[in-house]
Amino acid sequence: MTVRINDILDEVSSYIPEEDKRLIEKAYVFSARVHQGQKRLSGEPYLHHPLEVAHIVAQMRLDVTAVTAAFLHDAIEDSLTKREDIQQEFGEEVAQVVEGLTKISKMNFRSVEEQQAENFRKMILAMSKDLRVLLIKLVDRLHNMRTLEYHNRASQLRIARETLDIYAPLANRLGIHWLQVELEELSLRYLEPEDYHVLKTKLDAVALEKEPFLRDVMAQVSSKLEEAGIRAELKSRIKHIYSVYQKLKRQGIPLENIYDVLGVRVIVNNVGECYAALGIIHNMWKPIQQRIKDFIAMPKPNKYQSLHTTVFGPGGERIEIQIRTYEMDFIANEGIAAHWLYKDYSKLRDQAKLRDQQGQELSWLRRLLESQKELKDPREFLQSVKLDLYPEDVFVFTPRGEVLQFPLGATPLDFAYSVHTQLGHQCTGAKVNGQIVKLNYELKSGDVIEIMRSPKQHPSKDWMRIARTSRARNKIQTWLRTQEREQSIALGREMLEKKLKSLHISKDMDLEALAREFSFKTADDLYASIGYGRTSVNQIVHKILPEEQKKEFKEVHPKKKQVGSSVVVKGVDNLLIRFARCCRPIPGDDIIGFITRGKGITVHRSNCPYATEIDSQRIIPVEWDMGVSESHEIELTAICQDKPGMLGSITAIIGARNINITKLNASSMPNGNSMCSFRLLVKDLGELEKLSAELRKLKGVERIERK
């Protein structure tokens with residue numbers, strides 16, 4: 001059903017004064033004029049989009065500025081409208097929000113990932129000035145996801161993946177549960193359509209089958225609570241599809257083994273009644289001890305509060321029960337938007353007070369802002385953002401009793417860096433509940449942490465594998481880069497001075513001018529490039545030698561043969577090249593080069609997990625020389641049925657394609673299958689893909705994987 005302006009005015013009439021509603025009507029007329037004649041991919045007039053976005057914003061009961069900005073959020077990008085026009089017509093506050101919402105302008109990016117990262121960096125900066133920017137941006141994405149069917153398949157996959165990686169976690173961090181759930185389910189619908197529809201059918205069937213059981217549970221709980229004088233509202237709930245999908249994928253279990261798919265929510269009047277209701281329910285049915293969680297005493301980072309317990313209910317069947325107050329239930333669904341919903345309009349005008357409240361609850365946003373200042377490489381920033389957007393629930397105490405929140409898997413290093421950067425740099429270990437633990441100890445809820453330090457301690461590369469939070473990883477990486485640069489400058493200076501001395505060239509020459517000739521800002525930048533191996537000393541010497549000496553120099557220093565000649569390093573000659581064993585790249589793979597001091601260039605597949613940890617300053621463009629034909633070793637694993645002749649059939653197919661096996665290992669798996677691992681010599685990705693396709697057709701082979 002198409003939304004009309006009157007639907008929006010009716011929605012806001014209960015909380016926005018009549019005089020301010022006129023600003024919304026004015027925004028509607030303005031939007032209709034600037035988008036006149038424009039169409040969406042569905043063929044509908046473009047105006048339908050701002051109408052839908054404004055309607056959802058109004059249903060969230062955000063203020064007049066937000067509803068007005070929702071109408072105008074695409075005006076600057078998609079029409080001739082300028083910021084000054086919006087400021088003149090609707091005021092500075094609306095103009096600021098619309099400016100924050102204006103999509104990133106077209107730029108030349110090196111990759112889709114970099115474009116996504118830069119887009120998100122700008123969104124972080126915009127929303128730090130006004131949280132309404134983020135709230136409207138999320139609603140804008142929601143409506144785009146609702147109409148994603150009109151895009152081509154490639155666009156559907158790109159938009160759905162971005163939504164699942166960035167926008168849904170943002171909704172979660174803001175505590176807006178209904179928005180998070182819909183974004184996740186719509187994303188799954190396009191990313192894994194078959195899994196989505198199968199799972200939805202199964203969940204609908206489970207809900208129908210268990211309806212009598214849930215009614216019985218609610219009736220019994222309601223009766224016992226009434227006897228205790230507690231008036232409660234009870235609701236049944238079903239776990240949303242994406243959450244079930246994640247659990248099935250993570251644990252590798254059938255749907256029947258997930259015991260919190262269905263549950264009961266008990267809503268009472270105050271916190272005291274929450275704990276009283278928990279005691280009553282535990283007297284009715286035996287609880288599963290490890291499944292009792294108190295999010296009232298220790299709220300989640302997004303301010304979610306509730307008591308969770310799983311009990312053996314009627315007939316011994318497990319069921320999860322959540323207990324909360326009406327206010328907790330409201331905040332659990334609306335999150336930070338509840339700031340607007342539970343306040344009258346006069347208080348809403350007190351923006352300073354509202355910003356203070358938001359500031360207390362958005363410490364994670366401040367961490368993101370720190371990250372964007374420290375990390376210049378967009379890919380590193382995006383990785384840092386993802387770490388902060390996927391928190392779990394670990395709550396630990398300082399020796400003074402302060403509660404700190406960390407993601408699951410966090411270590412004493414994360415704790416130390418959360419307190420102070422210098423404490424992190426000097427961390428040697430920790431005392432947890434009075435016992436000394438190592439740096440890689442994983443924090444558990446309830447731990448009391450005391451950091452041990454030494455001024456002689458300093459970060460190492462191994463710490464990057466121990467630290468879990470983006471703050472700790474960023475601080476460690478910054479320190480390592482600073483130290484590495486200083487070492488590279490010293491090494492580069494020493495290498496150049498030795499070479500100049502051997503050629504009897506004065507070291508008093510203008511090195512700053514020489515650096516500029518090689519497009520470096522300073523001599524230190526030139527030294528660092530030499531130390532890293534990015535610039536060779538011979539290149540420098542060739543530049544400064546007189547013409548009569550260049551020929552003599554070439555005869556004395558002939559070019560070395562390049563090893564690994566199937567790869568070409570763009571713009572650089574005479575570098576040693578080796579292939580990373582962690583990912584074993586072959587011609588046809590997307591590859592990147594990593595400068596290793598003293599070892600030349602190491603070539604990785606671009607999707608290699610190790611490659612994400614590489615310092616961006618050490619990355620150098622490389623490409624395959626398709627004119628060179630040589631074999632490369634790869635690792636291939638076949639998961640197959642454990643039966644006689646299976647291994648022989650697989651090796652026969654490999655042999656028939658004249659592919660050499662350099663190593664073979666076969667072992668049985670607990671589920672009755674076999675795992676056969678091969679090291680093979682192949683010429684390129686095409687040969688490997690043909691082999692893999694042929695092996696998959698073999699009866700009894702369940703999966704073929706490349707390391």
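It should be emphasised that the depicted structure is a prediction, and the values quoted were computed from it without experimental measurement.
Note that OG of Ser418 is 11.0 Å distant from CG of Leu413, once rounded to the nearest 0.5 Å. Here Tyr242 contributes atom OH and Asp195 contributes atom CG; the two are 12.0 Å apart, rounded to the nearest 0.5 Å. For the atom pair Ile323 CD1 and Ile296 CD1, the distance stands at 8.0 Å (nearest 0.5 Å). In this structure, Ile331 CD1 and Tyr326 OH are separated by 15.5 Å, a value rounded to the nearest 0.5 Å. Separating the CG atom in Leu186 from the CG atom in Leu142 is a distance of 7.0 Å, to the nearest 0.5 Å. The CG atom of Leu203 lies 13.5 Å from the OH atom of Tyr245; values are rounded to the nearest 0.5 Å.
The closest donor-acceptor contact from the side chain of Asp7 to the backbone of Val3 lies at 3.5 Å or more, if one exists at all. Between the side chain of Thr65 and the backbone N or O of Val94 there is no donor-acceptor pair closer than 3.5 Å. Distance alone, capped at 3.5 Å, is enough to place a donor-acceptor pair between the Asp414 side chain and the Thr469 backbone. Side-chain atoms of Gln156 come within 3.5 Å of backbone atoms of Leu148 as a donor-acceptor pair (strictly under, hydrogens ignored). At least one donor-acceptor pair under 3.5 Å links the side chain of Arg471 to the backbone N or O of Tyr417. Under a 3.5 Å cut-off, the side chain of Thr163 and the backbone N or O of Ile159 do form a donor-acceptor pair. For the pair Glu273 (side chain) and Asn269 (backbone), a donor-acceptor distance under 3.5 Å is present.
Residues satisfying the side chain to side chain contact (heavy atoms under 4.5 Å, CB included) test with Val29, not counting sequence neighbours, are none. With sequence neighbours excluded, the residues satisfying ring-ring contact (aromatic ring centres under 6.0 Å, His included) with His143 are His49. Partners of Phe520 under the ring-ring contact (aromatic ring centres under 6.0 Å, His included) rule, at least two apart in sequence or in another chain, do not exist in this structure.
Lys239 NZ: more than 12 foreign heavy atoms inside a 6.0 Å radius. Heavy-atom contacts from other residues, nucleotides or ligands closer than 6.0 Å to CG of Asp204 number more than 12. Annotation: Glu194, atom CD; neighbour count of heavy atoms from other residues, nucleotides and ligands within 6.0 Å does not exceed 12. Within a 6.0 Å sphere centred on NE2 of His197, heavy atoms belonging to other residues, nucleotides or ligands number more than 12. Around atom CD of Gln38, more than 12 heavy atoms belonging to other residues, nucleotides or ligands sit under 6.0 Å away.
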* **Check against side-chain hydrogen bond (donor to acceptor under 3.5 Å, both in side chains), Gln477 and Arg473** => CA-CA 6 Å; Gln477 200 164 54; Arg473 291 173 63 85; over 6 Å; no

* **Residue pair Thr325, Cys274: steps toward the side chain to side chain contact (heavy atoms under 4.5 Å, CB included) verdict** => CA-CA 7 Å; Thr325 66; Cys274 288; 3.8 Å; yes

* **Asp525/Arg516 under salt bridge (charged side-chain N to carboxylate O under 4.0 Å, His left out): CA gap, chis, key distance, verdict** => CA-CA 10 Å; Asp525 291 338; Arg516 287 193 292 274; over 6 Å; no

* To do: Determine, step by step, whether Asn144 and Arg40 satisfy the side chain to side chain contact (heavy atoms under 4.5 Å, CB included) criterion, reporting the C-alpha distance in whole Å, the side-chain angles of both residues, the deciding distance to 0.1 Å, and the verdict.
  => CA-CA 10 Å; Asn144 284 333; Arg40 302 200 83 209; 2.9 Å; yes

* Test side chain to side chain contact (heavy atoms under 4.5 Å, CB included) applied to Lys293 and Met298, step by step -> CA-CA 9 Å; Lys293 296 180 181 178; Met298 291 185 176; over 6 Å; no

* For Arg132 and Glu93, what are the C-alpha separation, side-chain angles and deciding distance, and is it a side chain to side chain contact (heavy atoms under 4.5 Å, CB included)? -> CA-CA 11 Å; Arg132 288 169 295 194; Glu93 192 175 0; 2.7 Å; yes

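Defined by atom type and a distance below 3.5 Å, a donor-acceptor pair is present between the side-chain atoms of Arg324 and Tyr304. A side-chain donor-acceptor contact under 3.5 Å links Asp140 and His73. At a cut-off of 3.5 Å, with distance as the only test, no side-chain donor of His240 or Glu185 sits close to an acceptor on the other residue. For the 3.5 Å distance criterion, the side chains of Tyr15 and Asp63 fail to qualify, holding no donor opposite an acceptor. For the 3.5 Å distance criterion, the side chains of Asn152 and Ser155 qualify, holding a donor opposite an acceptor. Donor-acceptor pairing under 3.5 Å is lacking for the side chains of His55 and Glu52. Counted by atom type alone, Gln88 and Glu84 present zero donor-acceptor pairs between their side chains at under 3.5 Å.
The shortest distance between side-chain heavy atoms of Ile56 and Arg146 falls below 4.5 Å. You'll find the side chain of Glu89 reaches within 4.5 Å of the side chain of Phe30, heavy atoms only. Side-chain atoms of Leu248 and Leu199, non-hydrogen and from C-beta on, do get closer than 4.5 Å to each other. The closest side-chain heavy-atom distance from Arg4 to Leu51 is not below 4.5 Å. Taking 4.5 Å as the limit, every side-chain heavy atom of Asn172 sits out of range of all side-chain heavy atoms of His177. With contacts defined as side-chain heavy-atom distances shorter than 4.5 Å, the pair Ile267/Leu234 does not qualify. Counting only heavy atoms from C-beta outward, the side chains of Ile24 and Ile16 approach each other to under 4.5 Å. Side-chain contact between Lys82 and Ile76 is absent, with no heavy-atom pair separated by less than 4.5 Å.
Shortest non-hydrogen contact noted between Pro50 and Ser31 is CG-OG, 3.6 Å. Considering every non-hydrogen atom in both Lys21 and Ser13, the closest pair reads NZ-CB, 3.6 Å. For Tyr190 against Met145, the heavy-atom pair with the smallest separation is CE1-O, 4.2 Å. Pairing each heavy atom of Val266 with each of Ala232, the nearest pair is CG1-CB, 4.0 Å. Nearest heavy atoms, Ser14 versus Arg61: OG-NH2, 3.5 Å. When all heavy atoms of Ala66 and Ile136 are compared, the closest pair comes out as O-CD1, 3.4 Å.
For the pair Lys137 and Tyr167, the cation-pi test (distance below 6.0 Å, angle within 45°) is failed.
With respect to the salt-bridge test (charged N to carboxylate O, under 4.0 angstrom), the residues Arg83 and Glu92 qualify. Contact check on Arg237 versus Glu320 returns a salt bridge, with a Lys/Arg side-chain nitrogen under 4.0 Å from an Asp/Glu carboxylate oxygen.
Relative ring orientation between His308 and Phe295 is described as perpendicular, the plane-to-plane angle rising above 60° on a 0-90° scale split at 30° and 60°.
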